[in-house]
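A quick note: this is a predicted structure, and the numbers were derived from the prediction, not measured.
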Amino acid sequence: MIKLILIGAGGHSKVVQDIIAENKDLKLHAILDDSLYETVEVDDVIYSSTRMLDSLQQEDYKYCIAIGSNHIRKKIFEKLSIPMNQYITLIHPSAVISKTAKIGNGTVVMPNVVINADSVIGNQTIINTGSIVEHDNLLKDYVHVSPSATLTGTVSVGEGTHIGAGAVVIPGKRIGSWSTIGAGGVVIDNITDNITVVGTPAKPYRKL
């Protein structure tokens, strides 16, 4: 039995907890969030702040940063200094994943996801409900592919980028780091770093 500690107690954490509940080999030991000022135990799960980590033999546990924000997920990973190999990869049993796909540590794959042949998913990434990562995609660390988004073949996505709900990226396109593809956007051109694009076709967002 693997004892697991979640970092984060918000909405994304609730969905991650559902994945854990589907796996009889996992035991949720604690949920830690710095918004929790007191330590309590509910249904055999400890709720406390991340300060609790100082009192643990960290190597006795696996971990998952259950926070949807890419920036915050990276910040917490760097703050905690837990080795990457102690972060668990969580995959919902309804996900369809090619045997040739590779998925990094700390990554969460939600219900009804499809990840096809020879795709590579980085560390601390979120592949959210019902999204599709087609063949030969390359997703770097801290990416978030939102529900029902589709990355078609040979797409590359840089570190920290957020693909919005229902967005589509056509084959062979490159998306830079720490960018945002708006919900429902259709990407037909390469996208640079640190930019938000929206619409069909997706263009840089400008406030009116």
* **S48: partners by side-chain hydrogen bond (donor to acceptor under 3.5 Å, both in side chains), with sequence neighbours left out** => T39
* To do: Could I get the full list of side-chain hydrogen bond (donor to acceptor under 3.5 Å, both in side chains) partners for S146, not counting sequence neighbours?
  =>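 Result, side-chain hydrogen bond (donor to acceptor under 3.5 Å, both in side chains) vs S146: H162.
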Check: [X] side chain, [Y] main-chain N or O, donor-acceptor pair, under 3.5 Å:
X	Y	result
N123	N105	yes
D141	G122	no
T129	N112	no
N128	S148	no
N70	Y142	yes

Once rounded to the nearest 0.5 Å, what's the spacing between atom [atom1] of [X] and atom [atom2] of [Y]?
X	Y	atom1	atom2	result
K3	K62	NZ	NZ	13.0 Å
I67	Q124	CD1	CD	10.5 Å
M52	L36	CE	CG	11.5 Å
T154	H135	OG1	NE2	6.0 Å
Y87	L80	OH	CG	5.0 Å
D136	T100	CG	OG1	8.0 Å

Note, [X] side chain near [Y] side chain (heavy atom, < 4.5 Å):
X	Y	answer
E134	N116	yes
T50	I7	yes
V108	V15	no

* **Ionic contact status for K27 with D44, cut-off 4.0 Å** =>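 Yes.
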* So, for S98 and D118, which heavy atoms are closest and what is the spacing to 0.1 Å? ->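 Scanning both residues, the minimum pair turns out to be OG-N, 4.4 Å.
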* Structure fact -> Nearest heavy-atom contact between T152 and V155 is O-CG2, 3.2 Å
* Give a yes or no on whether E38 atom CD has more than 12 heavy-atom contacts from other residues, nucleotides or ligands under 6.0 Å away. =>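 No, because the 6.0 Å sphere around CD of E38 holds 12 heavy atoms or fewer from other groups.
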* **Linked hydrophobic residues, L138 as query - side chain contacts closer than 4.5 Å** => V120
* Asked: Hey, mind stepping through H71 and S69 against side chain to side chain donor-acceptor pair (under 3.5 Å) and telling me if it holds?
  -> CA-CA 6 Å; H71 286 279; S69 167; over 6 Å; no
* To do: Using the test ring pair (Phe, Tyr, Trp, His ring centres under 6.0 Å), find all partners of H29 that sit at least two apart in sequence or belong to another chain.
  => Y61
Donor-acceptor pairs under 3.5 Å, side chain of residues 16-23 to any protein atom, not counting sequence neighbours: which ones?
{"unit_1": "Q17", "atom_1": "NE2", "unit_2": "S13", "atom_2": "O", "d": "3.3"}
{"unit_1": "Q17", "atom_1": "NE2", "unit_2": "S13", "atom_2": "OG", "d": "3.0"}
{"unit_1": "N23", "atom_1": "OD1", "unit_2": "D25", "atom_2": "N", "d": "2.9"}

Using a 3.5 Å cut-off and no angle test, enumerate the donor-acceptor pairs between side-chain atoms of residues 166-192 and protein atoms at least two apart in sequence or in another chain.
{"unit_1": "S177", "atom_1": "OG", "unit_2": "E159", "atom_2": "N", "d": "3.3"}
{"unit_1": "W178", "atom_1": "NE1", "unit_2": "E159", "atom_2": "OE2", "d": "3.2"}
{"unit_1": "S179", "atom_1": "OG", "unit_2": "T192", "atom_2": "O", "d": "2.7"}
{"unit_1": "S179", "atom_1": "OG", "unit_2": "N194", "atom_2": "N", "d": "2.9"}
{"unit_1": "S179", "atom_1": "OG", "unit_2": "I195", "atom_2": "N", "d": "3.0"}
{"unit_1": "S179", "atom_1": "OG", "unit_2": "I195", "atom_2": "O", "d": "3.4"}
{"unit_1": "N190", "atom_1": "OD1", "unit_2": "R174", "atom_2": "N", "d": "2.9"}

